[in-house]
Amino acid sequence: MSAPIRTHNLSVRYGREVTLHYPDLNLEAGAALAITGPSGSGKTTLLHVLAGLLRPASGEVAYGNLNLGAVPEAAREAFRRRHMGYVFQDFHLMPGLSALENVELGLRVAGAEQPRARARAALIRLDLGHRLNHRPVHLSTGERQRVAVARAVAHGPGLLLVDEPTAHLDRNRARAALELLLGAAADLDATLIVVTHDPVVAEALPARLDLGAPAPVSRALVST
């Protein structure tokens, strides 16, 4: 089940020289947000903060009633396992495992019941029923991406975070990837946050945060 996401006064420090400051977010449950901006503007860093993978130098990140910055790592890890799905830009699939085993592993880590059956169902739903036993090296880029999406959504997360979903794809496959993500989020009633450099992806989402604008550009569901 998704929950509102609120951030306040977020900043991340790199060494003594660089501090990234972020506008406040106010996302309702089930919202869809694109984060855009040039390289170095802190898009992926913000995604890591929202995932609880990185502690900010200042500020708060709240998912429902949970303040991610105020709880220990064990609690953040439990949050990620139960409530979050993350699709990395380079997919991060285990090369020695089949598509089915990659998704099943994610479910086992999440503590889900019937992980093999749920992994199979997730892959079949994404038209990969004929590729269950293929390892990543034998899959196309688009197929590897679908495996990564299946792994992210199979446990039914309320929050789906995606980093540059069209970076490795041509235009036709990029459109298919976008439809896949929007469909997966809609099926789960999940909040979807996508880091992207692709204007087609950014324009397809109802809310947008542009970290490269002199004053951050926002659309509905984002407060600055």
Side-chain angles (χ1 to χ4, degrees), residues 2 32-35 43-48 50-54 77 79-112 115-198 200-202 204-205:
S2 60
L33 169 71
I35 301 174
K43 302 185 300 296
T44 297
T45 297
L46 178 56
L47 210 62
H48 287 171
L50 295 175
L53 293 168
L54 180 65
E77 178 61 28
F79 162 77
R80 289 190 291 268
R81 288 199 310 267
R82 297 169 188 164
H83 301 293
M84 190 189 78
Y86 199 115
V87 182
F88 294 91
Q89 181 176 345
D90 294 318
F91 311 144
H92 287 194
L93 300 177
M94 300 292 288
L97 301 182
S98 68
L100 180 62
E101 290 166 339
N102 264 283
V103 180
E104 182 181 358
L105 177 61
L107 285 163
R108 290 189 182 278
V109 170
R116 174 61 61 101
R118 292 180 68 169
R120 185 185 298 274
L123 288 164
I124 290 173
R125 199 158 53 238
L126 296 179
D127 297 323
L128 287 171
H130 63 302
R131 307 292 270 170
L132 297 178
N133 297 316
H134 290 71
R135 295 183 179 182
V137 69
H138 299 127
L139 300 174
S140 69
T141 300
E143 287 172 335
R144 290 197 300 273
Q145 183 178 59
R146 278 185 279 162
V147 173
V149 171
R151 183 181 59 187
V153 304
H155 63 296
L159 174 61
L160 187 57
L161 304 179
V162 186
D163 194 2
E164 297 286 8
T166 61
H168 305 292
L169 305 176
D170 60 32
R171 181 47 54 200
N172 287 335
R173 288 185 175 88
R175 290 194 184 95
L178 176 60
E179 292 173 3
L180 173 62
L181 291 170
L182 291 172
D187 288 345
L188 295 168
D189 195 23
T191 299
L192 174 66
I193 301 178
V194 180
V195 162
T196 185
H197 68 285
D198 188 335
V200 173
V201 174
L205 300 182

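Below, each value reflects all heavy atoms present in this structure, side chains not excepted, and no hydrogens, waters or symmetry copies.
- Without hydrogens or angle criteria, Thr191 side chain to Leu159 main chain gives no donor-acceptor distance under 3.5 Å.
- When every heavy atom of Ala184 is checked against every heavy atom of Val153, the shortest pair comes out as CB-CG1, 4.1 Å.
- Shown here are the ring-ring contact (aromatic ring centres under 6.0 Å, His included) partners of His138, two or more places apart in sequence or in another chain: there are none.
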task = Walk me through it: do Val162 and Val195 pass the test side-chain contact (heavy atoms from CB on, under 4.5 Å)?
result = CA-CA 6 Å; Val162 186; Val195 162; over 6 Å; no
ask   = What's the verdict on side-chain contact (heavy atoms from CB on, under 4.5 Å) for Leu161 and Tyr86, showing C-alpha distance, side-chain angles and the deciding distance?
value = CA-CA 5 Å; Leu161 304 179; Tyr86 199 115; 4.0 Å; yes
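- Side-chain contact between Leu182 and Leu205: present, with at least one pair of heavy atoms (C-beta onward) separated by less than 4.5 Å.
- Counting all heavy atoms, side chain and backbone alike, Ser2 lies closest to Asp189 at OG-O, 3.0 Å.
- Rounding to the nearest 0.5 Å gives a distance of 14.5 Å between CD1 of Ile124 and CZ of Arg131.
- Legend: salt bridge (charged side-chain N to carboxylate O under 4.0 Å, His left out) pairs involving residues 84-99, not counting sequence neighbours: none detected.
- To the nearest 0.5 Å, atoms CD (Glu164) and NE2 (His197) are separated by 5.5 Å.
- Side-chain contact between Leu132 and Ser98 is absent, with no heavy-atom pair separated by less than 4.5 Å.
- Expressed to the nearest 0.5 Å, how far NE2 of His134 lies from CG of Leu97 amounts to 15.0 Å.
- In this structure, the side chains of Pro95 and Val137 stay at 4.5 Å or more apart for every pair of heavy atoms.
- With hydrogens and angles left out, the side-chain atoms of Thr44 and Asp163 include a donor and acceptor closer than 3.5 Å.
- For residues 144-158, there are no salt bridge (charged side-chain N to carboxylate O under 4.0 Å, His left out) pairs, not counting sequence neighbours.
- Between Leu126 and Leu180, the shortest heavy-atom distance links the atoms CD2-CD1, 2.8 Å.
- Listed for the His83 side chain is no donor-acceptor partner under 3.5 Å among the backbone atoms of Gly156.
- Counting only distance, with no hydrogens or angles, the side chain of Gln145 and the backbone of Gly142 share no donor-acceptor pair below 3.5 Å.
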message = Using the rule given for side-chain contact (heavy atoms from CB on, under 4.5 Å), can you reason through Leu53 versus Arg80, listing the C-alpha separation, both sets of side-chain angles and the distance that settles it, and then say yes or no?
response = CA-CA 9 Å; Leu53 293 168; Arg80 289 190 291 268; 3.7 Å; yes
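- Across every non-hydrogen atom of Pro157 and Ala190, the tightest pair is O-CB, 3.5 Å.
- From His130, atom NE2 reaches atom CG of Leu123 across 11.0 Å, with rounding to the nearest 0.5 Å.
- With rounding to the nearest 0.5 Å, the separation of CD1 in Ile193 from CE in Met84 is 10.5 Å.
- A distance-only check finds a donor-acceptor pair linking the side chain of Arg118 to the backbone of Ala154 [under 3.5 Å].
- Looking at heavy atoms from C-beta onward, Ile35 lies out of side-chain contact with Val194 at the 4.5 angstrom threshold.
- The distance from the CG atom of Leu139 to the CG atom of Leu128 is 7.5 Å, given to the nearest 0.5 Å.
- Between the side chain of Gln89 and the backbone N or O of Pro165 there is no donor-acceptor pair closer than 3.5 Å.
- Salt-bridge formation is detected for the pair Asp198/Arg171: a Lys NZ or Arg NE/NH1/NH2 atom is positioned less than 4.0 Å from an Asp or Glu carboxylate oxygen.
- Between Arg108 and Glu104 there is a salt bridge, with a side-chain nitrogen of the basic residue lying less than 4.0 Å from a carboxylate oxygen of the acidic one.
- In terms of heavy atoms, Ala34 sits closest to Ala202 at CB-CA, 3.8 Å.
- By the 4.5 Å heavy-atom criterion applied to side chains, Leu105 and Met94 are counted as neighbours.
- Leu33 is not listed as a side-chain neighbour of Leu192, based on a closest heavy-atom distance of 4.5 Å or more.
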